[in-house]
Q: 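Have a look at the structure that comes next, please.
Please read all numbers here as calculations on a predicted model, not as lab measurements. Keep in mind that the numbers below use all heavy atoms, side chains included, and drop hydrogens, waters and symmetry copies.
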Amino acid sequence: METITTMDVEEQPSPNPNNVKHFGLKNSIQTNFGDDYVFQIIPKDDWSAMAVSLSTNAVKLYSPVVGQYYGECKGHSATINQILFSSPSNPHVLSSCSSDGTIRAWDTRIFQQVSILNAGPSQEVFSFSTGGPNGCLVAAGCDSQVLLWDWRNNKQIACLEDSHMDDVTQVHFVPDEPGRLISASVDGLICIFDTSGDINDDDHLDSVINVGTSIAKVGFFGESYQKLWCLTHIETASIWDWKDGRNEVNFSEARTLASESWNLDHVDYFVDCHYSKEAEKLWLIGGTNAGTLGYFPVNYSGTATIGAAEAILEGGHTSVVRSVLPMSRIHSELGSSSSSHSYSSGIFGWTGGEDGRLCCWLSDDSPQKNQSWISSTLVMKPERTCKKNRHQPY
């Protein structure tokens, strides 16, 4: 049984107090001991739980409001590269893909595996997505291949092996066009496939975008999801219209531009991007090797700029941050004073990193902002002095 103690968290002075929001640390959970990493944090559809993938090859589940630990799913024998909750029709099913060549589904009520897809003994699965014209396809990004299964019978129906020349790091079905599949790779290419009918490289590869360098992560945004943001393994950022293959914005010096937008340490990497459909606004989420995060607004119409940080999360992590889970409506209106969703209890979001911690951040107006709790069994780890291969494994 964990004992909880209370401690004060000092609020740091803002480099631009009129425009920037600083967020107080509420909860800090040490998920493991030793050198374990937090890779990814995702919410259940009803926000009753959040899943956290770890470098122990396990997925743990917690309450996103109070941080209570629920249990863990164990079975992978290598790095877990991505986790996803299934559709609202299967709210208790969590899926995960791994470098052990499998995609596994788990019943989070009993923390047991309920199904498995196997890409083959020599394959690693770096990314996966569910969708297709009838919503019954599972796509996986593997070692230079895109594999597709019908999840109703676990039968593999296609192997697209001629479109990419290197590891496929991302696959995503387009939200408003579930028959369209986008893949991205270390070879610098983004491929757009039509997944209707008998799928093959020759007839179903619609178009190709050449980013020019190894792609780490992509995501859809815009009113009809026609735009893609793209982050690379060398920390560059770009924006594309995937429907016509047009490059709209390219930030080859993104870290420098972000670093010049605050007076804190140099921005060393980008964790993710966040888009507010309500505000029609995109942020780059950048971090320092010491664990500070900033939300940097991106102007992608007219003159392309990375603006001054509009939110700063500081004092929770001691190492590289790997994942950010937004919760509060403030993510939609960082520049205004909006209230948060009732389920979030004033929580801005959660972050996880290479220090093995989950940190919970409170909104500016929360009365709990200047306190945090931490397990009394926490073993503090020394700050890392050397950061290598942040993107390995993917």
Q: Roughly how far, to the nearest 0.5 Å, is CH2 of W350 from CD1 of I42?
A: 15.0 Å

Q: Walk me through whether T130 and S86 qualify under side-chain contact (heavy atoms from CB on, under 4.5 Å).
A: CA-CA 8 Å; T130 57; S86 297; over 6 Å; no

Q: Would you say Q40 and S323 are linked by a side-chain donor-acceptor pair, where the criterion is simply a distance under 3.5 Å?
A: no

Q: Quick check on E280: does its CD atom have over 12 non-hydrogen neighbours (other residues, nucleotides or ligands) under 6.0 Å away?
A: no

Q: Is there a donor-acceptor contact under 3.5 Å from the side chain of Q123 to the main chain of C142?
A: no

Q: Classify the angle between the aromatic ring planes of Y225 and F220 as parallel (below 30°), tilted (30 to 60°) or perpendicular (above 60°).
A: perpendicular

Q: Hey, what do you get for CZ (R322) to CZ (F39), rounding to the nearest 0.5 Å?
A: 5.0 Å

Q: Centres of the Y275 and Y300 rings: under 6.0 Å?
A: no

Q: On a heavy-atom basis, which atom in V324 and which in I285 lie closest, and how many Å separate them?
A: CG2-CG2, 4.1 Å

Q: Minimum heavy-atom separation for A304 and V249, please, with both atom names.
A: CB-CG1, 3.6 Å

Q: Counting only N and O atoms by type, is there a donor-acceptor contact under 3.5 Å from the side chain of T102 to the main-chain atoms of L117?
A: no

Q: Indicate whether any N or O donor in one side chain lies under 3.5 Å from an N or O acceptor in the other, for N81 and S99.
A: yes

Q: Flag yes if F128 and L94 sit in one hydrophobic cluster, no otherwise; membership is Ile, Leu, Val, Met, Phe, Trp, Tyr, and two members link when side-chain heavy atoms are under 4.5 Å apart.
A: no

Q: Determine, step by step, whether W106 and L61 satisfy the side-chain contact (heavy atoms from CB on, under 4.5 Å) criterion, reporting the C-alpha distance in whole Å, the side-chain angles of both residues, the deciding distance to 0.1 Å, and the verdict.
A: CA-CA 12 Å; W106 314 85; L61 283 94; over 6 Å; no

Q: If hydrophobic clusters are built from ILVMFWY residues whose side chains come within less than 4.5 Å, do I41 and W47 share one?
A: yes

Q: Hydrophobic clusters here meaning ILVMFWY residues chained together by side-chain heavy-atom distances under 4.5 Å, can you tell me if L137 and V168 are in one?
A: yes

Q: Looking at Y70 and A49, what are the two nearest heavy atoms and their distance?
A: CE1-CB, 3.9 Å

Q: Between L264 and T288, does the side-chain contact (heavy atoms from CB on, under 4.5 Å) criterion hold? Intermediate values first, please.
A: CA-CA 9 Å; L264 302 177; T288 71; 5.8 Å; no

Q: So, the side chain of Y269 versus the backbone of V321: is there a donor-acceptor pair under 3.5 Å, distance only?
A: yes

Q: Can you tell me how far the CD atom of Q82 sits from the SG atom of C97, to the nearest 0.5 Å?
A: 5.0 Å

Q: Answer yes or no: is there a donor N or O on one side and an acceptor on the other, between the side chain of D201 and the main chain of L205, under 3.5 Å?
A: no

Q: Please find the pair of heavy atoms, one from H164 and one from S183, that lie closest to each other, and give the distance.
A: NE2-OG, 2.7 Å

Q: Roughly how far apart are L148 CG and H204 NE2, rounded to 0.5 Å?
A: 10.5 Å

Q: Is there a donor-acceptor pair under 3.5 Å between the side chain of S129 and the backbone N or O of F173?
A: yes

Q: Is a donor on one side and an acceptor on the other found under 3.5 Å between the side chain of E235 and the backbone of A254?
A: no

Q: Do side-chain atoms of K217 reach the backbone of V271 as a donor and acceptor pair under 3.5 angstrom?
A: yes

Q: If you group Ile, Leu, Val, Met, Phe, Trp and Tyr by side-chain heavy-atom gaps below 4.5 Å, do I182 and I209 land in one group?
A: yes

Q: Please determine whether the number of non-hydrogen atoms from other residues, nucleotides or ligands lying under 6.0 Å from atom CG of N153 exceeds 12.
A: yes

Q: Is there a donor-acceptor contact under 3.5 Å from the side chain of D167 to the main chain of T169?
A: no

Q: Is the backbone of G307 close enough, under 3.5 Å, to the side chain of S261 for a donor and an acceptor to pair up by distance?
A: yes

Q: Determine, stepwise, if the pair T351 / L325 fulfils side-chain contact (heavy atoms from CB on, under 4.5 Å).
A: CA-CA 6 Å; T351 55; L325 172 62; over 6 Å; no

Q: Whether the S185 and D166 side chains hold a donor-acceptor pair (N or O, under 3.5 Å, no angle test) is what I'd like checked.
A: no

Q: Where do H266 and S259 land on the side chain to side chain donor-acceptor pair (under 3.5 Å) test, with the steps shown first?
A: CA-CA 5 Å; H266 183 79; S259 299; 3.0 Å; yes

Q: Please lay out, stage by stage, how H274 and K281 fare under the test side chain to side chain donor-acceptor pair (under 3.5 Å).
A: CA-CA 8 Å; H274 178 75; K281 197 167 186 179; over 6 Å; no

Q: Would V59 end up clustered with L84 when hydrophobic side chains under 4.5 Å apart are linked, directly or stepwise?
A: no

Q: Walk me through whether F251 and F296 qualify under ring-ring contact (aromatic ring centres under 6.0 Å, His included).
A: CA-CA 13 Å; F251 295 108; F296 300 92; over 10 Å; no

Q: From F348 CZ over to L362 CG, what is the distance, rounded to the nearest 0.5 angstrom?
A: 11.0 Å

Q: Can a donor-acceptor pair be found, under 3.5 Å and without considering hydrogens, that links the side chain of D36 to the backbone of T56?
A: no

